[in-house]
Each structure stands twice: as structure tokens, then as C-alpha cells.
**Q** 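Mind having a look at this structure? Questions to follow.
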Amino acid sequence: MKGFYYKPKTGDRIVVLTGAGISAESGIRNEFNVEEVATPQAFIDNPDKVMNFYRSRANELKNTGPNAAHTSLAVLEAKFKDNFTLITQNIDNLHQKAGSRRILSMHGELSKGRCSECGYIINEFDYLYTSFDCPVCKSNKRIRPHVVWFGEIPLYMDEILNSIDKANLFVAIGTSGSVYPASMFVEAASGCGATTVLINTEPPENSSCFEFHLYGKAARLVPDFVNHLMANTGE
């Protein structure tokens, strides 16, 4: 790729961060009023409204497939195996549909529900459509989406920071660079000596922190980027 010269070794560790931009190219919309549907208080005040919102997003996902950026990252994971980590800010299941498995969904997953009382995770979309008691604590409180709302702590932070600390290459795709703590990952990676790459449609707020900048649509750039890595990997 023009202007990008990193050539990974077989044992290099690669960490990829994805944001809303990669899913937007599959048609996923991300415009909504945060205060009304994405806070713990919103769920307390009007659980039906919150659940209706996430139900509509789940219905949207049923007919939405991954794009070339998602599938290319799955190919990269297959190449680097345990030396590859995918961190996503997205709550959709497009990376999973593309075949990725080494995923740290730091903002949770819409396809899973969580008991508000004991935290038990339900691995199915059914929680959005059916009212039932928690199978573990038997609470009859409503099962909430297993997503991180504003004011809550992101998931997997220890694993994320550990993977970044060991990374040789850190790549951010489709991120705004404004949502903490993800916006700080590039600085952590750079501080640990990793090569840092930004793939985005336009410069995000933290663009100056990246060593390499590739601007354009992820569905076009990510396959080229992955092909470059695959073709130039050496011992």
C-alpha cells in the first residue's frame, strides 16, 4: 500500500480496534438519543422504550451481513491466530458473522441479555422478545441488553490493555477518536513501541497520535491492507 511500509514477522502481535464506521458500511445506523435509550436510568424509567429500541436494532441485524472489511479481518485472524486480537466498540454481531472469534466486545453484545439482579449472561436474542425469570437467581426483574450504557465501565479492560501492551501493530478502523477509553488505546500502543495505523473516512479527533493514516471506505481499504500484511509477512 502506498505510504505504508510495515512488514510483520510471523510472531508479531496485531491488535485491531473497530468502531461504528466499519458497520456503517453494512448499513447499520448509529443515530439515537443517548439519554432516552442508552443509560441505566433510562432502563429504570422506561424499560419498554429501551427494549423496543434494541429490538428494532436486532431486527435490523437479521438482514444485515458483514462487509469486506469484516471478512478481511477474519482472514487476518486465521493467519496470526493467537497473536491477533480484535477489540470492537460495536454491539452488533457482524464480526462474528464474518468468522472472527478472538473478539473483545468492550461495549457488550446486543445478541446477549443480562440479568439485572445477578449478572447472568443469556446467549440468545430471545431475551428481547420474551419475558422470563433469570434461570440462575430466579429474579423476575426484566432481563436487560448485555450492552455497556453511558456511565458504565467497558468490558474486558484488563484483557484489552494486556493485548495492547504486547502489540507490535495497532490498527484503528472506523473510530471517532472521541470516546474514552478507546480513544486512548493508540497512545498506549505507541508508548509500548507498536506501529500504529488509522483507517478511516476522515481524520478523527486523535488522528495526530497515529503513525500511518489511510483515508477512505473501510470495505475498500481494509482488504488491501490485510493483503499487504499477508503478502509481506516474514520470519
**Q** Report yes if some heavy atom in the side chain of C209 is under 4.5 Å from a heavy atom in the side chain of S190; otherwise report no.
**A**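 No; the side chains remain at least 4.5 Å from each other.
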**Q** Do V15 and F212 sit in one hydrophobic cluster, given that two such residues count as connected whenever their side-chain heavy atoms are within less than 4.5 Å of each other, even indirectly?
**A**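 Different hydrophobic clusters.
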**Q** Taking only residues at least two apart or on different chains, which pairs with a member in residues 106-123 satisfy salt bridge (charged side-chain N to carboxylate O under 4.0 Å, His left out)?
**A**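 Passing the test, one end in residues 106-123: E109-K112, E117-K141.
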**Q** In the structure I gave you, are the side-chain heavy atoms of L214 and L198 within less than 4.5 Å of one another anywhere?
**A**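 No, too far: nothing below the 4.5 Å cut-off.
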**Q** So which atom in D92 and which in L94 form the shortest heavy-atom distance, rounded to 0.1 Å?
**A**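 D92 and L94 have their closest heavy atoms at OD1-N, 3.1 Å.
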**Q** Side-chain donor-acceptor contacts of residues 153-173 below 3.5 Å, not counting sequence neighbours, with atom names and distances?
**A**
residue, atom, partner, partner atom, Å
S163, OG, E159, O, 3.4
S163, OG, I160, O, 2.7
N168, OD1, R13, N, 2.8

**Q** Hey, are Y129 and N59 close enough side-chain-wise for a donor-acceptor pair under 3.5 Å?
**A**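 Looking only at side-chain atoms, Y129 and N59 do form a donor-acceptor pair, the distance falling under 3.5 Å.
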**Q** Where is the tightest heavy-atom contact between S23 and N90, given as atom of each residue plus distance?
**A**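 Smallest heavy-atom distance, with atoms named: OG-ND2, 3.3 Å.
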**Q** Say whether I122 and V136 are linked into one hydrophobic cluster, either directly or through other cluster members, by side-chain heavy-atom distances under 4.5 angstrom.
**A**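 Result: yes, single cluster for both.
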**Q** With side chain to side chain contact (heavy atoms under 4.5 Å, CB included) as the test, would you mind laying out the steps for Y54 and V147 before giving the verdict?
**A** CA-CA 10 Å; Y54 286 104; V147 299; 3.9 Å; yes
**Q** Once side chain to side chain donor-acceptor pair (under 3.5 Å) is applied, what residue pairs with a partner in residues 194-219 remain, sequence neighbours excluded?
**A**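 Side chain to side chain donor-acceptor pair (under 3.5 Å) check on residues 194-219 returns no pairs.
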**Q** Do you know which two heavy atoms are closest between A69 and A218, and how far apart they sit?
**A**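 Where A69 meets A218 most closely, the heavy atoms are CB-O, 3.6 Å.
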**Q** Applying side chain to side chain contact (heavy atoms under 4.5 Å, CB included) to K7 and T233, what does each step give before you reach the verdict?
**A** CA-CA 6 Å; K7 295 183 178 181; T233 300; over 6 Å; no
**Q** From H107 NE2 over to H146 NE2, what is the distance, rounded to the nearest 0.5 angstrom?
**A**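 Spacing of NE2 (H107) from NE2 (H146) equals 12.0 Å.
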**Q** Walk me through whether T88 and T18 qualify under side-chain hydrogen bond (donor to acceptor under 3.5 Å, both in side chains).
**A** CA-CA 5 Å; T88 186; T18 63; 2.8 Å; yes
**Q** As an exercise, state the distance from CZ of R220 to OG of S72, rounded to the nearest 0.5 Å.
**A**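 One gets 13.0 Å once the value is rounded to the nearest 0.5 Å.
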**Q** How about D48 and N46: do any of their side-chain heavy atoms sit closer than 4.5 Å?
**A**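 With C-beta onward as the side chain, the pair touches.
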**Q** Answer whether the closest heavy-atom distance between the side chains of C118 and S139 falls below 4.5 Å.
**A**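 No, their side chains stay 4.5 Å or more apart.
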**Q** Can you tell if the side chain of L73 reaches within under 4.5 Å of the side chain of E77, non-hydrogen atoms only?
**A**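 L73 vs E77: side chains apart.
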**Q** Where do G99 and A74 come nearest, in terms of heavy atoms and distance?
**A**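 Scanning both residues completely, I find the closest heavy atoms to be C-CB, 4.0 Å.
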**Q** Hey, mind stepping through I199 and V222 against side chain to side chain contact (heavy atoms under 4.5 Å, CB included) and telling me if it holds?
**A** CA-CA 8 Å; I199 300 177; V222 175; 4.2 Å; yes
**Q** Quick check for you: to the nearest 0.5 Å, what is the distance between T85 atom OG1 and L104 atom CG?
**A**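 Output value for this atom pair is 6.5 Å.
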**Q** Is a donor from one side chain sitting under 3.5 angstrom from an acceptor on the other, for S111 and N93?
**A**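 The criterion, which ignores hydrogens and geometry beyond distance, is not satisfied for N93 and S111.
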**Q** Using the ring-ring contact (aromatic ring centres under 6.0 Å, His included) rule, collect all pairs that involve residues 59-99, keeping only residues at least two apart or in two chains.
**A**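 Listed by first then second residue: H70-H95.
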**Q** Are F43 and R142 side-chain neighbours, meaning at least one heavy-atom pair lies under 4.5 Å?
**A**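 Yes, close enough: below the 4.5 Å cut-off.
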**Q** Under 3.5 Å, side chain of S100 to main-chain N/O of Q96, donor-acceptor pair present?
**A**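 Not confirmed, S100 side chain does not pair with Q96 backbone.
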**Q** If hydrophobic clusters are built from ILVMFWY residues whose side chains come within less than 4.5 Å, do V16 and V186 share one?
**A**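 Different clusters: V16 never reaches V186 through Ile, Leu, Val, Met, Phe, Trp or Tyr contacts under 4.5 Å.
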**Q** Taking only residues two or more places apart in sequence, or in another chain, which ones meet E36 in a salt bridge (Lys or Arg N to Asp or Glu O under 4.0 Å)?
**A**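 Residues passing salt bridge (Lys or Arg N to Asp or Glu O under 4.0 Å) with E36: K49.
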**Q** With rounding to the nearest 0.5 angstrom, report the CG to OG1 distance, N67 to T64.
**A**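 So the CG of N67 and the OG1 of T64 are separated by 11.0 Å.
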**Q** Not counting sequence neighbours, which residues clear side chain to side chain contact (heavy atoms under 4.5 Å, CB included) with D82? List them please.
**A**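 Per chain and number, D82 pairs via side chain to side chain contact (heavy atoms under 4.5 Å, CB included) with R102.
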**Q** Under 4.5 Å between side-chain heavy atoms, counting indirect links through other Ile/Leu/Val/Met/Phe/Trp/Tyr residues: same cluster for I28 and M106 or not?
**A**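 Shared cluster, no.
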**Q** Are L86 and F225 co-members of a hydrophobic cluster defined by side-chain heavy atoms under 4.5 Å apart?
**A**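 In one cluster: yes.
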**Q** Enumerate the salt bridge (charged side-chain N to carboxylate O under 4.0 Å, His left out) contacts for residues 144-154, please, sequence neighbours excluded, ordered by first and then second residue.
**A**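 Listed by first then second residue: R144-E152.
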**Q** Just wondering, do L76 and L229 contact through their side chains at under 4.5 Å, heavy atoms?
**A**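 They are in side-chain contact.
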**Q** My understanding is that only residues two or more places apart in sequence, or in another chain, count here; which of them pass side chain to side chain contact (heavy atoms under 4.5 Å, CB included) with A42?
**A**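 In terms of side chain to side chain contact (heavy atoms under 4.5 Å, CB included), with neighbours along the sequence ignored, A42 is linked to T39, V50.
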**Q** Looking at residues at least two apart in the chain, or sitting in another chain, which of them share a side chain to side chain donor-acceptor pair (under 3.5 Å) with R55?
**A**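 With sequence neighbours excluded, R55 shows a side chain to side chain donor-acceptor pair (under 3.5 Å) to N52, given in chain and number order.
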**Q** Taking all non-hydrogen atoms of both residues into account, name the closest pair between L110 and A58 and its distance.
**A**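 Smallest interatomic distance, heavy atoms only, reads CD2-N, 3.7 Å.
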**Q** If the condition is side chain to side chain contact (heavy atoms under 4.5 Å, CB included), which residues does D45 pass it with, not counting sequence neighbours?
**A**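 D45 satisfies side chain to side chain contact (heavy atoms under 4.5 Å, CB included) with Q41 only.
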**Q** Over all heavy atoms of both residues, which pair between A68 and A219 is shortest? Give the atoms and the distance, please.
**A**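 Nearest heavy atoms, A68 then A219: CB-O, 3.5 Å.
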**Q** Quick one: side chain to side chain contact (heavy atoms under 4.5 Å, CB included) partners of V75, sequence neighbours excluded?
**A**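 For V75 the side chain to side chain contact (heavy atoms under 4.5 Å, CB included) partners, ignoring immediate neighbours, are M230.
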**Q** For residues D12 and Y6, determine if any side-chain heavy atom of one lies less than 4.5 Å from a side-chain heavy atom of the other.
**A**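 The answer is yes; the side chains approach within 4.5 Å.
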**Q** Can you list every side chain to side chain donor-acceptor pair (under 3.5 Å) pair that touches residues 169-189, not counting sequence neighbours?
**A**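 Pairs touching residues 169-189 that pass the test: S176-S178.
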